[in-house]
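Here's a structure for you.
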Amino acid sequence: MEAQFAIAGKDFVVSVTDTSVVHSIVKMKKNQDKTWQLSPLALMSVSGEPGDTSNFSEYIQGNVKLYSVRNSQDLSPSESATFLRGELARALRSRKPYQVNILVAGYDKNSGEASLYWIDYLAAMAKVPYAAHGYCSYFLYSVMDREYTPDITLEKALDIVKKCFEVLKSRFLIDFPEFTIKVIDKDGTRQLAQADL
């Protein structure tokens, strides 16, 4: 039972993940950051089986950093998402697939635009304006469908995030205590406190 969603504007992406690690009916941890920094201007949020999420994320993060060291430049968000999708597809065709769902968010300094990529455990990938993974998606897509506009501002996106929290609190069976909220734009990645919304 995880909550992971993101909203992209023209020059920013807001990424939100819950902070709990659950196994069956037991909450194992309540302060886990489920985002992984791929470059100063890109990150991925990962949900799924706890072992798969950490193993796959460390592998991807290490290889993306290796690329940037070898080539003296960072991968763009679209290049990172394509690499990540390829590695998921390769693992899927082996005997050791990863059970992970991923959102890749970032800002491309060459094009001056932000982007968000939705990738599931079957290595399907789509560039989207907003996305969600997990059971929370049954509730949150209706809010994001209704509220999202192509010319969205950061303030409006944060307002949508607040509405998503309200919907989860009132309609979802599980009460998520904390969320990690990160904003990616031309200045890099910064974390926002849930209380500041």
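Atom set for the values below is all heavy atoms of this structure, side chains included, hydrogens, waters and symmetry mates excluded.
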Per-pair distances, 0.1 Å, donor-acceptor, side chain in residues 41-50, under 3.5 Å, sequence neighbours excluded:
residue	atom	partner	partner atom	Å
Ser45	OG	Gln4	NE2	2.9
Ser47	OG	Gln4	OE1	2.7

Worksheet item: Linking I/L/V/M/F/W/Y whenever any side-chain heavy atoms sit under 4.5 Å apart, do Ile102 and Ile181 land together?
Response: no
Discussion item. Tell me which pairs pass ring-ring contact (aromatic ring centres under 6.0 Å, His included) where either residue lies in residues 50-103, with sequence neighbours left out.
Written reply: Phe56-Tyr98
Item to complete: Inspect the contact between Asp18 and Lys34 and indicate whether a charged nitrogen and a carboxylate oxygen are less than 4.0 angstrom apart.
Response: yes
Worksheet item: Which pairs with one or both residues in residues 65-86 pass salt bridge (charged side-chain N to carboxylate O under 4.0 Å, His left out), sequence neighbours excluded?
Response: none
Discussion item. Taking Val104 as the starting point, is it possible to reach Val13 by hopping between hydrophobic residues whose side chains are less than 4.5 Å apart?
Written reply: no
Worksheet entry | Pairs flagged by salt bridge (charged side-chain N to carboxylate O under 4.0 Å, His left out) wherever residues 102-111 is involved - sequence neighbours left out | none
Worksheet item: Do other residues, nucleotides or ligands put more than 12 heavy atoms under 6.0 Å from Phe165 CZ?
Response: yes
Discussion item. Please give me the minimum heavy-atom distance between Trp118 and Ala132, naming the atom from each residue.
Written reply: NE1-O, 3.5 Å
Worksheet item: Should the ring pair Tyr135 and Phe172 be called parallel, tilted or perpendicular, given that the plane angle runs from 0 to 90° and is split at 30 and 60?
Response: tilted
Practice prompt. Please name all residues satisfying side-chain contact (heavy atoms from CB on, under 4.5 Å) with Thr82, sequence neighbours left out, ordered by chain then number.
Written response: Met125
Worksheet item: Do NZ/NE/NH1/NH2 and the carboxylate oxygens of Asp33 and Lys182 come within less than 4.0 Å?
Response: yes
Worksheet item: Who are the side-chain hydrogen bond (donor to acceptor under 3.5 Å, both in side chains) partners of Asn31, not counting sequence neighbours?
Response: none
Response to the item:
Thr19 meets the side-chain hydrogen bond (donor to acceptor under 3.5 Å, both in side chains) criterion, sequence neighbours left out, with none
Worksheet entry | Any pair counted as side-chain hydrogen bond (donor to acceptor under 3.5 Å, both in side chains), so long as it reaches residues 136-145, sequence neighbours left out | Tyr130-Asp145
Worksheet item: Taking a hydrophobic cluster as the set of Ile, Leu, Val, Met, Phe, Trp and Tyr residues connected by side-chain heavy atoms closer than 4.5 Å, whether directly or through intermediates, do Val100 and Val128 fall within one such cluster?
Response: no
Fill in: Pairs meeting criterion salt bridge (charged side-chain N to carboxylate O under 4.0 Å, His left out) with involvement of residues 150-162, two or more places apart
Glu147-Lys156, Asp159-Lys163
Worksheet item: Got a sec, which residues hit side-chain hydrogen bond (donor to acceptor under 3.5 Å, both in side chains) with Ser57, two or more places apart in sequence or on another chain?
Response: Trp36
Worksheet item: Does Asp52 have any side-chain hydrogen bond (donor to acceptor under 3.5 Å, both in side chains) partners at least two apart in sequence or in another chain, and if so, which?
Response: none
Discussion item. What I want to find out is whether Arg90 reaches Glu87 closely enough, with some N-O distance under 4.0 Å, to be called a salt bridge.
Written reply: yes
Worksheet item: So, for Gln37 and Pro40, which heavy atoms are closest and what is the spacing to 0.1 Å?
Response: NE2-O, 3.7 Å
Practice prompt. Kindly compute the distance separating CG (Asn63) from CG (Leu38), expressed to the nearest 0.5 Å.
Written response: 11.0 Å
Item to complete: Could you name each residue pair satisfying salt bridge (charged side-chain N to carboxylate O under 4.0 Å, His left out) that touches residues 93-102, not counting sequence neighbours?
Response: none
